Amino acid sequence: MILKKTAAVFLCTLTALISVTGCSSKEESSEEIYYGQAYKEVNAKDIYRIYDGRFITDEEADAVAKYFYSVQTQDYELFASTQPAPYLDFLNKQKEGYTQDYLSTFYNDEMEGIGGDFEYTQLEITDCGSKDDDHSLSDISEMLDGIYEDAGEDKLFSETVKDQKYIKCTLTAIKKGDETSAEFTNADQILYVFTCENGIYIL
C-alpha cells in the first residue's frame, strides 16, 4: 500500500524537472562520482535516515527529518523551524491559522492513506540535484524574494542562501497498534532544501 501523496509547497504549483543524473559530477581522474555510491545511515531518535553524506550534509538531513517528524507529532513549533519566518507570516496573513491547518491536513492525508495513526520509521534521500536540474528552485527563490521585499526584510531571501538543492526521498511508516508491523512506503517525494544564513528550510 502506498502512502497518500501530499503537497510540499504551500501556494505555488511547481513542476519538477528532475535530471536522471541527479547530483552527479566528474573528477579530474574521469572517475564518475554520482549520488548513492556511499550511503550513510543515522539511527536518530526521531526518524532513521539514509543519505549520501557526500552530497547531503548531516544538518540538511536533520532538517528534512524534522519536517516530517513535525507532521507525525503535529508539532507546529518544530515545523515552523523548517520554514522561513516571513513566509509563514505571509501565509497566515492570507488565512488565519493557515499553516496549522496545512500541518493538520498533511497529517490527516497520511493517516487516511495508511488507515490509522502512524509513525515514520525511515527517511531515505535517494537523489538530489541543483537548480540546473530543477528550475523550481529558482522559482521558489524568486517567490520568496518578493515576500521578503514586501515584509521589509534587510536582505532578500536569495541573498541569504548559501546552498540550495532539490531532493527525492522515500518515507517508510508503520501503523500504530498494528501487530503485523506492516510497512507503508511513499517513494520519490520531492522537496526543496535551502541552506541559509539563519537556518535550513524545507519547501
Side-chain angles (χ1 to χ4, degrees), residues 1-18 20 22 35-36 39 41-52 56 60-84 87-88 91-92 94-129 134 136-137 139-140 165-194 200-203:
M1 183 180 295
I2 304 299
L3 296 178
K4 190 169 183 180
K5 290 187 180 294
T6 53
V9 182
F10 295 136
L11 294 181
C12 56
T13 302
L14 300 172
T15 303
L17 304 174
I18 305 300
V20 295
Y35 189 93
Y39 275 118
E41 300 189 26
V42 178
N43 188 15
K45 291 182 179 180
D46 47 11
I47 305 174
Y48 192 93
R49 27 206 188 261
I50 304 171
Y51 55 95
D52 191 328
I56 305 293
E60 289 169 342
D62 289 346
V64 176
K66 283 198 302 183
Y67 175 84
F68 286 113
Y69 191 67
S70 72
V71 174
Q72 175 190 311
T73 58
Q74 291 292 281
D75 186 335
Y76 174 72
E77 294 302 321
L78 183 62
F79 174 76
S81 72
T82 69
Q83 306 296 305
Y87 184 43
L88 288 181
L91 292 172
N92 287 311
Q94 308 309 303
K95 177 185 176 183
E96 186 176 354
Y98 183 96
T99 50
Q100 288 92 336
D101 288 345
Y102 171 82
L103 200 62
S104 178
T105 300
F106 195 154
Y107 175 83
N108 289 334
D109 285 347
E110 296 287 69
M111 189 167 63
E112 181 181 345
I114 293 173
D117 197 10
F118 64 93
E119 177 183 347
Y120 290 127
T121 56
Q122 181 174 288
L123 164 69
E124 180 178 357
I125 300 175
T126 58
D127 197 6
C128 75
D134 188 343
S136 295
L137 283 162
D139 293 339
I140 294 171
K165 63 193 66 170
Y166 80 81
I167 63 168
K168 294 172 74 174
C169 58
T170 295
L171 273 174
T172 303
I174 58 171
K175 182 179 175 181
K176 290 184 177 179
D178 185 353
E179 295 180 357
T180 67
S181 299
E183 292 186 335
F184 302 81
T185 59
N186 187 1
D188 295 337
Q189 293 196 63
I190 298 172
L191 295 175
Y192 301 92
V193 181
F194 292 86
I200 299 176
Y201 303 121
I202 312 300
L203 295 166

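The first residue of the sequence shown is numbered 1, and numbering continues consecutively from there. Small disclaimer: the values here were computed from a predicted structure and weren't measured.
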Identify, with sequence neighbours excluded, every residue that meets side-chain hydrogen bond (donor to acceptor under 3.5 Å, both in side chains) alongside Glu41. Tyr48
If you define the side chain from C-beta out and look only at heavy atoms, does anything of Gln100 sit under 4.5 Å from Asn92? yes
Using a 4.5 Å cut-off on heavy atoms from C-beta on, say whether the side chain of Leu91 contacts that of Gln83. no
Excluding sequence neighbours, so at least two apart, what forms ring-ring contact (aromatic ring centres under 6.0 Å, His included) with Tyr201? none
Of all residues at least two apart in sequence or in a different chain, which pass the salt bridge (Lys or Arg N to Asp or Glu O under 4.0 Å) check with Glu60? Lys165
Could you tell me if the side chain of Leu171 sits less than 4.5 Å from the side chain of Phe184, heavy atoms only? no
Please name all residues satisfying side-chain hydrogen bond (donor to acceptor under 3.5 Å, both in side chains) with Asp46, sequence neighbours left out, ordered by chain then number. Arg49
Aromatic plane relationship, Phe79 with Tyr67 - under 30° parallel, 30 to 60° tilted, over 60° perpendicular: tilted
Residue pair Asp109 / Thr105, side-chain heavy-atom distance below 4.5 Å: yes
Check for a donor-acceptor pair, side chain of Thr170 on one end and backbone N or O of Glu124 on the other, with a separation under 3.5 Å. no
Using ring-ring contact (aromatic ring centres under 6.0 Å, His included) as the criterion, list what pairs up with Tyr69, not counting sequence neighbours. none
For residues Tyr76 and Leu88, report the shortest heavy-atom separation together with the two atoms involved. OH-CD1, 4.1 Å
Could you check if a side-chain atom of Val193 sits within less than 4.5 angstrom of a side-chain atom of Ile202, using non-hydrogen atoms only? yes
side-chain hydrogen bond (donor to acceptor under 3.5 Å, both in side chains) with Asp117: which residues, sequence neighbours excluded? Tyr107
Under 3.5 Å: donor-acceptor pair, side chain of Thr172, backbone of Thr121: no
I want to check something: taking the side chain as every heavy atom from C-beta on, are Tyr51 and Leu123 in contact at a cut-off of under 4.5 Å? no
